[in-house]
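This report concerns only the one structure given below.
For ligands, and for the atoms within them, numbers begin at 1 and follow the listed sequence. Below, each value reflects all heavy atoms present in this structure, side chains not excepted, and no hydrogens, waters or symmetry copies.
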Amino acid sequence: MNIQAPKGTKDVVPQESGKWQHLESVIRGVAAKYGINEVRTPVIEHTELFARGVGDTTDIVQKEMYTFSDKGGRSITLKPEGTAGVVRMYIENKLFNEAQPIKMYYLYNPIFRYERPQAGRLREHHQFGIEVFGSPEASVDAECISVAVEVLEKIGLKNLEVKLNSIGCPECRPKYNAALKAYLEAHKDSLCSTCVERLERNPLRILDCKNDECKEICRNAPHVLDWLCDDCAGHFEKLKKYLEIIGIKYSVDPMIVRGLDYYTKTVFEIVSSDIGSQSAVGGGGRYDLLVGQLGGTPTPAVGFGMGMERVLLVAQNQGVKFPEPSPFDLYVVSAGEKAYDAAYKLTSDIRGCGMKADCDHMGRSVKAQFKYAGKLNVRYVATIGDEELETNTVRLKEMASGIEETVSIKDVKTRIRE
Ligand code: HAM
């Protein structure tokens, strides 16, 4: 039998987990500075949440969800994105009663999308994201972008671009949609079949199509920014101003529309040229209508999601160095069964003092134990043989200097702590 991981999923093997932990600790550190608290929502939600929240004309809802009936006959879906669950949590836990804005982040949030796997695109990926509820101000939008950029910079990523756009609100978007539709109707024969369908239900999504002919047609399409109402235009100007105040470089890209239906006003993506076609390491925007659409008191909100695997992929492609795992303080080599018992106890005592230690677990010869210790990053190796057993000592070798001395077993911890 040869059981493999499902297509589009990835194990985090022991040699890789240090990178993940580093990314997680950077995220926690940055989030703490902005006063953002962690939240966790279930991996499963009722399917209706996504159908209503993400939008039933989106690719995610139409084609990509992992949906099943549970034993009680309920339609359940594995989270295809992080925002809808957090909005449900906000409403269900009456978080609108807390002081606003209320800022939250999620980390290592498993997201499932039935997509065709390729470099940077998985069927299960993990997102770090933040969601801020209660403020309509563009200062919060800029803060979200700032969090994302700071995390990516602290990890050491380079050559990233922040792309900004505004896709308006229920006042101005319908007028823009009509203009866009009129333009695209004239090129209907050259659009791909998916975009012909989109033309009726969601023309904005055509701007995001990867098909070369569609892209070419969209190049001359009307720009949403020319159709914004005063409120949306003013909001966008403020966002740009706040980004300039805090020194975040951006470019305005009217082709950024995002693949989820809930956005109003601000949308943005952070892209890297170092990971191929799946270039967005993060993306987000404002969704002022979603809380109301999901049954809550209308509440403005903004946030983003960042694919953690993509961040690590960019880091790998750019040769970013991650911190090495901490060295072992002590490895205890022993000769014979009695000496092994003493080695086992010494290892435990050293761990009890908060230090990192190990001894043999393979019945290896003394030579092989030394060889193994040589492969670990070890500060000290202690050796216990018959002579040391009799005198309650160890031969303690400092690996960096090669200096070796006999030390009383009870003094080992103080010696290696020095
Ligand atoms: P999204 O753009 O669909 O937005 O996903 C956010 C990020 O997750 C992407 O920029 C990308 O880095 C990563 N990602 C998406 N799909 C995959 C995949 N198949 N494999 C690997 N990584 C992937 C959202 O999900 C929104 N909920 C973001 C948001 C939060 N907007 C407001 N608040």
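- The protein atom (non-hydrogen) at minimum distance from atom 5 (O) of ligand 1 is Gln127 NE2, 3.3 Å.
- With respect to Arg113 and Glu81, no salt bridge is recorded, no charged nitrogen being found less than 4.0 Å from a carboxylate O.
- For atom 9 (C) of ligand 1, the nearest non-hydrogen atom of the protein is Ala280 O, 4.0 Å.
- With hydrogens left out, the protein atom closest to atom 27 (N) of ligand 1 is Glu81 OE1, 2.7 Å, a heavy atom.
- Between Gly120 and ligand 1 there is a heavy-atom distance shorter than 4.0 Å.
- Using modelled atom types, one finds a donor on one side chain and an acceptor on the other under 3.5 Å when comparing Asp261 with Thr57.
- Looking at ligand 1, you won't find any N or O of Tyr106 less than 3.5 Å from one of its N or O atoms.
- Residues Asp288 and Thr264 share a closest heavy-atom pair of N-OG1, 3.1 Å.
- For a threshold of 3.5 Å applied to N or O pairs, the pair formed by Tyr263 and ligand 1 contains at least one separation below that value.
- Using a non-hydrogen distance threshold of 4.0 Å, Gly282 registers as a contact of ligand 1.
- Within the 4.0 Å heavy-atom cutoff, Glu309 does not count among the residues contacting ligand 1.
- The only option from Arg379, Lys413, Arg415 that meets the salt bridge (Lys or Arg N to Asp or Glu O under 4.0 Å) definition with Asp329 turns out to be Arg379.
- With a heavy-atom cut-off of 4.0 Å, Arg258 touches ligand 1 through its side chain alone.
- Residue Leu122 has at least one nitrogen or oxygen atom sitting less than 3.5 Å from a nitrogen or oxygen atom of ligand 1, judged on distance alone.
- The closest protein non-hydrogen atom to atom 33 (N) of ligand 1 is Glu131 OE1, 2.8 Å.
- Remark: Asp212 does not engage Lys210 in a salt bridge, criterion side-chain N to carboxylate O under 4.0 Å.
- Residue Gly284 places no N or O, backbone or side chain, under 3.5 Å from any N or O of ligand 1.
- Contacts between Glu115 and ligand 1, counted as non-hydrogen atom pairs separated by less than 4.0 Å, involve the side chain only.
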